[in-house]
Structure formats: C-alpha cells, structure tokens
Amino acid sequence: MEIFNTKQEIKSYLTTQKKKNKTIGFVPTMGALHEGHLSLIKQAKKKNDIVVVSIFINPTQFDNNKDLEKYPKKIESDTRLLANSSCDVLFYPSVKEMYNTKVSSEKFDFEGIEHQMEGKFRQGHFNGVATIVKTFFEIIRPNSAYFGEKDFQQLLIIKKMVKNHRLKIKIKGCPIFREKDGLAMSSRNTRLSKEHRVSAPFIYKTLKQVRKKFNTENTLKITEWVEQEFKKNTFLNLEYFTIADEKTLEIVKNKEFNKNYRAFIAVFAGEIRLIDTIRLKNL
Ligand code: AMP
C-alpha cells in the first residue's frame, strides 16, 4: 500500500496509474476505521483497479468543537488495517495541506435537502462536507466514489454536488454495516460508556418497529410513538425522528403510492451523537 500526505505526491502517482488505464475507486473517511468502512473498500475493489482511501478529520463539518477535539484518532491501527485490506493508496493529509491557511467552507445550494434533519441540527455541516469532498475529488479524480447509506442525507448531498458541478464521478451508496446487536457501526461508538453502549441497540430496534408500523399506521402517530418510547429511556435522548421522502427528504404526512420513504433518527447517548436510518416499504 502506498501512503501519501501531500496533494502533489498523490496526484503524480495517480496520473501515472491513469496513463496505464487503471480505474480509481475512492473511499473518503475520517478514520477510526471499522467494518463499515471496510465494506465500502471491498465494494470499491470489486469495480476498480485502484482503491484510494482518505483519512481526514474535516474541521469545517463539525458544528461542535468538543466533538471535533474528541473525535477518535487511530492512524497507526488504521494504517495496519488498510494495509491488510484491498486499499491500494492511503491519502492522509494535514489540515494545512487541504485548506492552506483559510479553514472555511464554500457555500452550496442543494435545493432544499441541506435544510432537513442533519442540516437543521448541525449548522454548516453540509457546506463543510461538500467543500472537502469536492476538494478530494479534484485531487484524486476518481471514476467512482463510495459512501455509506448510514449518512443517507450526505449521500444525496454528494450526488447533487456531482450533478450540479457536472463532475464525471459515479457515486455509489453502500448498505449500513451493523454490530450483531443491530447498532450501526460508527467511529463514535468507541466513545460510548458501558451503559450507553448497552442501551444504544434500542435505536435500531425502534426503527425496525417503525418499519412494521408503517404498513398500518400514519406517520404522525408513529412519530409520537417513537417520541414516547425515547422519553421512557433513561440513557438515550432523542434529537429528531423523521419519516421523509427518500428523494426530497421532505417530511411525509400522507403516504403516496410510487414513492419511497425512509425513517431517520438522531439520538444522544450521553454526549455522543448517533444517527441511523431505515428504508420503509410503501404498500
Ligand atoms: P466517516 O469516517 O464516519 O466519515 O465515514 C466514512 C464513510 O463510511 C461514509 O461514507 C459513511 O457513510 C460510511 N460509513 C460509516 N459507518 C458506516 C456503516 N456502519 N456502514 C456502512 N458505511 C458506513
């Protein structure tokens, strides 16, 4: 596995590879890697000659300084993990390398989807995400890039950004990888206390019940039920629960035939914020 820390080095390496007609699959991450990340890498390797993984904790997508400071950093074990995976190139730049002296975001227009859910509760988050992903795309110029459906709103944002900027990159969504007890894998899970870790699978359990209820109950009733369930839970605090149209992310009041819906949830387990989502069957 090749490891690069500068734009110039990785650009020059990938230019040589592209001249040999090699295709490039890109997996952007913030490190503290788990099997969810590895599943994206596996997907990328199935369809591309070279898999590039970036590890970069992007300061402009954090709305909370404490979360940024405490974000898990595990570059040594991550490097070992990647070396034993299908990753061919690790790109691990510094903040200065990516932003120079101006650590700020560009402003994007995502036609409304940026104002829902994560956009509402994490000010500036998606401008930060789109800024850094666009910069990575300009440096790496991949054929395809792989994102997890766990961050479903982020996946839509990236697809919109690619379309609006007419970038020739295929964006692939990959299924959520879960722990055996159903908790969606996340780098933040390592920061959960024992009690919070034991309580956290309640999030996915609730989502699965939502999926069942969606067949027979209206969305308002389901939302109220979820809110009540979390009120009864001493360890988990609900930030939002929303049933939304999978394309527009607008809140659904009345189900319509031929549309796809999803439930989205954000929960605080102590000071750790966890998100999850599930696709709902529209009968
Ligand atoms: P992160 O390092 O958390 O920024 O995540 C990097 C990429 O991995 C994003 O596209 C995430 O959506 C994806 N990802 C994170 N957790 C999971 C998971 N449990 N299953 C699948 N993909 C994931």
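Atoms within a ligand are numbered from 1 in the order they appear, just like the ligands themselves.
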A.B. asks: Could you find the nearest protein heavy atom to atom 20 (N) of ligand 1 and give me its residue, atom name and distance?
C.D. replies: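 Answer for atom 20 (N) of ligand 1: F177 N, 2.8 Å.
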
A.B. asks: Take a 6.0 Å sphere around NZ of K18 and say whether it holds more than 12 heavy atoms from other residues, nucleotides or ligands.
C.D. replies: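 Yes, NZ of K18 has more than 12 neighbouring heavy atoms, counting only those of other groups under 6.0 Å.
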
A.B. asks: Any idea which atoms of ligand 1 are less than 4.0 Å away from a heavy-atom of P175?
C.D. replies: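 With P175 as reference, the close atoms of ligand 1 come out as 20 (N), 21 (C).
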
A.B. asks: If you measure every N/O of S187 against every N/O of ligand 1, is any gap under 3.5 Å?
C.D. replies: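 N/O-N/O distance below 3.5 Å does not exist for this pair.
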
A.B. asks: Is it the case that ligand 1 has an N or O less than 3.5 angstrom from some N or O of H37?
C.D. replies: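 There is such a contact, yes.
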
A.B. asks: For P28, state whether at least one heavy atom is located under 4.0 Å from any atom of ligand 1.
C.D. replies: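 Yes, that is the case, since the closest heavy atom of the residue is under 4.0 Å from the ligand.
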
A.B. asks: Apply the test ring-ring contact (aromatic ring centres under 6.0 Å, His included) to residues F56 and F91: give CA-CA distance (whole Å), side-chain angles for both, the deciding distance (0.1 Å), then the verdict.
C.D. replies: CA-CA 8 Å; F56 182 69; F91 185 36; 8.6 Å; no

A.B. asks: For the 3.5 Å polar cut-off, considering only N or O atoms, please tell me whether A184 and ligand 1 meet it.
C.D. replies: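 Min N/O separation from ligand 1 is not below 3.5 Å for A184.
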
A.B. asks: Tell me whether ligand 1 is touched by H34 - counting only heavy atoms on the residue side and a distance under 4.0 Å.
C.D. replies: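 It does, in that a heavy atom of H34 comes within the 4.0 Å cut-off of ligand 1.
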
A.B. asks: Roughly how far apart are E149 CD and R262 CZ, rounded to 0.5 Å?
C.D. replies: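 It is 5.0 Å, given to the nearest 0.5 Å.
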
A.B. asks: Below 3.5 angstrom, do we get any N/O pair linking G148 and ligand 1?
C.D. replies: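 Yes, at least one N or O pair falls under 3.5 Å.
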
A.B. asks: Salt bridge or not between E114 and K160? Use side-chain N to carboxylate O under 4.0 Å.
C.D. replies: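 No.
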
A.B. asks: Assess the pair Y240 and F121: is the distance between their ring centroids shorter than 6.0 Å?
C.D. replies: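 They qualify: ring centres under 6.0 Å apart.
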
A.B. asks: Quick check on E35: does its CD atom have over 12 non-hydrogen neighbours (other residues, nucleotides or ligands) under 6.0 Å away?
C.D. replies: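 12 or below, so no.
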
A.B. asks: Check this for me - ligand 1, M185, N or O atoms closer than 3.5 angstrom, yes or no?
C.D. replies: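 The answer is yes, given that M185 and ligand 1 share an N or O pair closer than 3.5 Å.
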
A.B. asks: Using a 4.0 Å cutoff against the non-hydrogen atoms of F147, which atoms of ligand 1 qualify?
C.D. replies: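 With F147 as reference, the close atoms of ligand 1 come out as 10 (O).
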
A.B. asks: Nearest protein heavy atom to atom 3 (O) of ligand 1, by residue and atom, and its distance?
C.D. replies: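 Ranked first by proximity to atom 3 (O) of ligand 1 is Y71 OH, 3.8 Å.
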
A.B. asks: D151 heavy atoms, cut-off 4.0 Å: which ligand 1 atoms fall inside?
C.D. replies: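 Going through ligand 1 atom by atom, the ones under 4.0 Å from D151 are 11 (C), 12 (O).
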
A.B. asks: So for ligand 1, is M30 a polar contact partner (N or O within less than 3.5 Å, distance only)?
C.D. replies: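 Yes: some nitrogen or oxygen of M30 is under 3.5 Å from one in ligand 1.
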
A.B. asks: Number the atoms of ligand 1 from 1 as they appear, then name those within less than 4.0 Å of a heavy atom of T29, with their elements.
C.D. replies: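 Result: 2 (O), 6 (C).
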
